[in-house]
**Q** 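One structure follows; several queries about it will come next.
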Amino acid sequence: MKKHALIVCALILLSLPLMAQIDLPKPNFSLMNAPRSPLFDVSKLKMSHSVGFEAGASNMGGFYLSRYTNHLKYSFNPKLDLKLDLSVINYGSSNAKFKLNDDNRSQFVPGFTLDYHPSDSFNIKVEYRQGMPLGSGSWYHQDPYRSWWDK
């Protein structure tokens, strides 16, 4: 019985290199070849990412701020674009001995722009941006995660 089991195992091991030569069908998991939807066409979507880090120090202490932003742009047609910026920001401070304080916070900061330009001399833009936190509860508005596809 052991001899038969050994022969079967040897035949299986010897036939494995032959099975590797068989071309099996390969599944296609790409979304680009999926049936196109009239509502959402993936070929009109562009995506980019940006990452940033800031830090500063003085004799009073210091601060740090890091961010990750996902920039999405969808062109409905040549005259209508939607840009969406999704940012995750982490910030906090340290004391004069460079020990981190207990004020470490993370925040999700969205922003979008809907841009309609039917002609070169006429443009309608709807935009939403959220201010960015800095320091001890103060807020200011700037655009640190500006869209890179306008360059």
Side-chain angles (χ1 to χ4, degrees), residues 12-151:
I12 290 174
L13 286 175
L14 291 173
S15 65
L16 282 177
L18 296 174
M19 284 189 220
Q21 301 298 320
I22 298 172
D23 191 21
L24 296 174
K26 298 172 184 77
N28 186 1
F29 295 114
S30 173
L31 294 176
M32 298 306 283
N33 295 331
R36 300 205 182 238
S37 166
L39 277 168
F40 185 73
D41 187 5
V42 179
S43 66
K44 295 181 178 183
L45 179 68
K46 294 182 182 178
M47 184 185 318
S48 64
H49 310 274
S50 62
V51 177
F53 182 76
E54 298 175 36
S58 70
N59 60 350
M60 302 290 290
F63 75 95
Y64 61 92
L65 184 139
S66 60
R67 72 176 157 71
Y68 164 78
T69 303
N70 186 355
H71 307 281
L72 298 166
K73 179 182 178 183
Y74 187 78
S75 295
F76 291 100
N77 59 48
K79 297 180 180 184
L80 181 63
D81 293 330
L82 174 68
K83 297 174 186 171
L84 180 63
D85 292 336
L86 303 172
S87 297
V88 177
I89 298 174
N90 179 266
Y91 59 98
S93 66
S94 65
N95 60 22
K97 296 180 181 179
F98 294 107
K99 181 180 178 190
L100 293 179
N101 295 330
D102 292 331
D103 62 352
N104 183 27
R105 294 187 182 124
S106 292
Q107 184 170 0
F108 176 74
V109 180
F112 76 89
T113 303
L114 185 62
D115 194 8
Y116 178 60
H117 43 92
S119 68
D120 290 338
S121 61
F122 186 71
N123 189 14
I124 296 174
K125 185 180 279 194
V126 177
E127 184 171 5
Y128 170 79
R129 296 277 178 219
Q130 184 172 334
M132 199 172 87
L134 181 67
S136 59
S138 64
W139 290 83
Y140 69 97
H141 181 80
Q142 71 172 15
D143 194 10
Y145 40 89
R146 69 177 218 251
S147 300
W148 288 12
W149 38 70
D150 292 331
K151 292 183 179 179

**Q** Between N90 and S106, what is the shortest heavy-atom contact and its length?
**A**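 Heavy atoms only, the tightest pair is ND2-OG, 2.8 Å.
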
**Q** Between the side chain of K44 and the main-chain N/O of F76, is any donor-acceptor distance below 3.5 Å?
**A**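 Such a contact is found between K44 side chain and F76 backbone.
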
**Q** Do T69 and I89 have side chains that approach each other closer than 4.5 Å (heavy atoms only, starting at C-beta)?
**A**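 Counting from C-beta outward, T69 and I89 never come under 4.5 Å.
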
**Q** How many angstroms lie between CE in M47 and CG in L84, if you round to the nearest 0.5 Å?
**A**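 So the CE of M47 and the CG of L84 are separated by 10.0 Å.
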
**Q** Closest approach of F122 and P118, non-hydrogen atoms and distance?
**A**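 Where F122 meets P118 most closely, the heavy atoms are CD2-CG, 3.4 Å.
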
**Q** Find the distance between CZ (F112) and CG (L82) and round it off to the nearest 0.5 Å.
**A**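 So the CZ of F112 and the CG of L82 are separated by 7.5 Å.
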
**Q** Tell me the closest heavy-atom pair linking N77 and L80, and the distance in Å.
**A**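 That would be OD1-N, 2.9 Å.
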
**Q** Between H71 and D85, is any side-chain donor less than 3.5 angstrom from a side-chain acceptor?
**A**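 Yes, because at least one side-chain N or O of H71 sits under 3.5 Å from a partner of the opposite role on D85.
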
**Q** CD1/I124 to NZ/K79 distance, rounded to the nearest 0.5 angstrom?
**A**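 The NZ atom of K79 is 12.0 Å from CD1 of I124, to the nearest 0.5 Å.
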
**Q** Can you give me the closest heavy-atom contact between Y68 and H49, atom names plus distance?
**A**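 The pair with the smallest heavy-atom distance is OH-ND1, 2.7 Å.
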
**Q** Heavy atoms only: give me the nearest F53-S66 pair and the separation to one decimal.
**A**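 Residues F53 and S66, closest heavy atoms: CD1-CB, 3.6 Å.
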
**Q** So how far is it from S93 OG to Y64 OH, rounded to the nearest 0.5 Å?
**A**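 OH of Y64 is found 7.0 Å from OG of S93.
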
**Q** Output the distance between atom CG (D115) and atom NZ (K83), rounded to the nearest 0.5 Å.
**A**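 Reported to 0.5 Å precision, the distance equals 6.0 Å.
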
**Q** Please give me the minimum heavy-atom distance between S50 and R67, naming the atom from each residue.
**A**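 So the minimum-distance heavy-atom pair works out to OG-NH1, 3.7 Å.
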
